[in-house]
Undergrad: 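Structure below; questions to follow.
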Number of protein chains: 2
Amino acid sequence: MSKPEQDQFSPRQSAVLEEALSLLVEGGEKALTTAGVARAANCSKESLYKWFGDRDGLLAAMIAYQASKVRTYEPAGGKLTREELRAHLLTFVRDLVDVLSGEVSLALNRLSIGQAGAGGGKLGRLMLERGRGPIGKRAMTLLDAGRRSGLLDFSDGGEAYQTLYGLAVSDLHVRMLLGVSPETARKEFGSRADRAVDAFLRLYGAANKWEEPRIRHA
Amino acid sequence: MSKPEQDQFSPRQSAVLEEALSLLVEGGEKALTTAGVARAANCSKESLYKWFGDRDGLLAAMIAYQASKVRTYEPAGGKLTREELRAHLLTFVRDLVDVLSGEVSLALNRLSIGQAGAGGGKLGRLMLERGRGPIGKRAMTLLDAGRRSGLLDFSDGGEAYQTLYGLAVSDLHVRMLLGVSPETARKEFGSRADRAVDAFLRLYGAANKWEEPRIRHA
DNA sequence: CACGAACCGTACCGTACGGTACCGAATGAG
DNA sequence: CTCATTCGGTACCGTACGGTACGGTTCGTG
């Protein structure tokens, strides 16, 4: 392989990264000092620098490590019934919400966003391709399956996905990033998952499959 | 007044805050040092501490100052026609997008989010109530006007607003915060404003006013 | 047992930043 | 003219953190 560098982290390194993540979750970026990580993980700073190069390398490794944990999980490839599609959409939305409201995800996003303004932006790009990529891909395959089954009607899959995402998440992600308590947010989310799927199907459901035909006004 | 503290900043202080903002926009939080602000604004650090207390006070003042610039702009209170409502919704969405994609807004959100993880979270709360509050209020009055005019049908205004927001913004705000180039984002936004308003009216337009009745499925 | 590699713990260094103190210049009042 | 207040410029201090070097220990290998 041309890039075997991050195929996997050694068990020891994974443990260190895990400790670094939990340190980041409680205390934010300012609490994530190299000395603190070394102390919490019972390793030496020298090893940290040997393994990850420098502090930014450690941060990048944390993101890569966390991203490596997401299960990509391909939904069945066959035809879907209406109820199956609806159920799959609902679980997708719920999973999405669970991920976004997770403490580790929030902390990592805060970290990447916090230093995105500077010249770097390296972490932000990592976050975008490693984090958003897979989950978006999973949604796209689901939407495609719905279309192939004649249940959904859209021309641009990305557009449909964006709509679903917006309906499901709205501004809650940013609000959580700004500090809204996760319980408040999660409660708000819970009541919205059903409405989001419902609205999405009203917007993109194939005619005569979900309701009477809709007329696109000029 | 019980809180005349931030009724206004003196012209000198406003100039300093302006300079601090532009310093934050280029270079991120790490570039926003007290010495840097003092140098850029041709004032002394001592004056900074006299006016704003400490560094956090300066950051909070920057947010308050920027928030004080938003025009709240009340839309007419009379009956609305369909076209007027549609136009108002469209301009609202466009304004919202302009605000969110503005460099200053992005930098300030990055700043607040970046230090939201730590114990503080003070800036995040400030951002939420000073930034999101007014714009949401404006949308709510517009939606209420639409309902009073018999053009919109919803029971929970907040829910409707969240839907509109999600349709308009989706995940683009977070992606911009993570570093997606503003031009890319703005282009994506432009094509979505119309679709968002369209979809919103399909979802919340009063029956027989925009299209044939919709059936809410179980 | 002997040797070497990996690694932990710690001590150390340079720097950069938040915050404070001091001094001189300008401005306005009497 | 003189005094007082305000503010800019600079020098200074303490601290905290990133990064490096070194001694001691464990563990695997021949």
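These values consider heavy atoms only, across backbone and side chains, with no hydrogens, waters or symmetry-generated copies. Lettering follows sequence order; numbering is per chain, from 1. Just so it is clear, the structure is predicted and the values come from calculations on it, not from any experiment.
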Undergrad: When the distance from CD of B:Glu29 to P of C:dA16 is rounded to whole Å, what number comes out?
TA: 18 Å

Undergrad: Report the C-alpha distance between A:Arg147 and A:Asp144 in whole Å, list the side-chain angles of each, state the deciding distance to 0.1 Å, and finish with yes or no for salt bridge (charged side-chain N to carboxylate O under 4.0 Å, His left out).
TA: CA-CA 5 Å; A:Arg147 179 167 60 176; A:Asp144 264 337; 3.1 Å; yes

Undergrad: Starting from P on C:dG19, measure out to CZ on B:Arg55 and report it in whole angstrom.
TA: 8 Å

Undergrad: Take the protein atom CG of B:Leu58 and the nucleotide atom P of C:dG19, then report the distance between them rounded to whole Å.
TA: 10 Å

Undergrad: For the pair made of NZ in B:Lys30 and P in D:dC17, what is the distance, rounded to whole Å?
TA: 18 Å

Undergrad: Would you confirm whether A:Ser105, through its side chain, and A:Ser101, through its main-chain N or O, come within 3.5 Å as a donor-acceptor pair?
TA: no

Undergrad: Quick check against the 3.5 Å criterion: does A:Arg132 have a side-chain atom that pairs as donor or acceptor with the backbone of A:Met127?
TA: no

Undergrad: Has A:Glu103 got more than 12 heavy atoms of other residues, nucleotides or ligands less than 6.0 Å from its CD?
TA: no

Undergrad: Rounding to an integer number of Å, can you tell me how far A:Leu48 CG sits from C:dG9 P?
TA: 11 Å

Undergrad: How long is the line joining CZ of B:Phe52 and P of C:dT20, in whole Å?
TA: 16 Å

Undergrad: Taking only side-chain N and O atoms of B:Ser47, does any of them lie within less than 4.0 angstrom of OP1 or OP2 on D:dC7?
TA: no

Undergrad: Of the nucleotides D:dG19, D:dC7, C:dC17, which has the atom closest to the B:Thr33 side chain?
TA: C:dC17

Undergrad: Do you know the tightest heavy-atom contact between B:Arg110 and B:Leu177?
TA: NE-O, 2.8 Å

Undergrad: Test A:Asp98 against A:Arg94 for salt bridge (charged side-chain N to carboxylate O under 4.0 Å, His left out), laying out the working first.
TA: CA-CA 6 Å; A:Asp98 280 349; A:Arg94 293 228 168 95; over 6 Å; no

Undergrad: Are any of B:Ser44's side-chain N or O atoms less than 4.0 Å away from OP1 or OP2 of D:dC7?
TA: no

Undergrad: Quick one: which protein N/O atoms are closer than 3.5 Å to N/O atoms of nucleotides 21-24 of chain C? Pair and distance per line, please.
TA:
{"unit_1": "C:dC22", "atom_1": "N4", "unit_2": "B:Glu46", "atom_2": "OE1", "d": "2.2"}

Undergrad: Taking all non-hydrogen atoms of both residues into account, name the closest pair between B:Gln66 and B:Leu21 and its distance.
TA: OE1-CD1, 3.4 Å

Undergrad: Check the distance between D:dA21's P and A:Lys50's NZ and give it to me in whole angstrom.
TA: 13 Å

Undergrad: Grab the CG-C1' distance between B:Asp54 and C:dT20 for me, whole Å please.
TA: 14 Å

Undergrad: Of B:Asp56 and A:Arg12, whose nearest nucleotide on DNA chain C comes first from the 5' end?
TA: A:Arg12

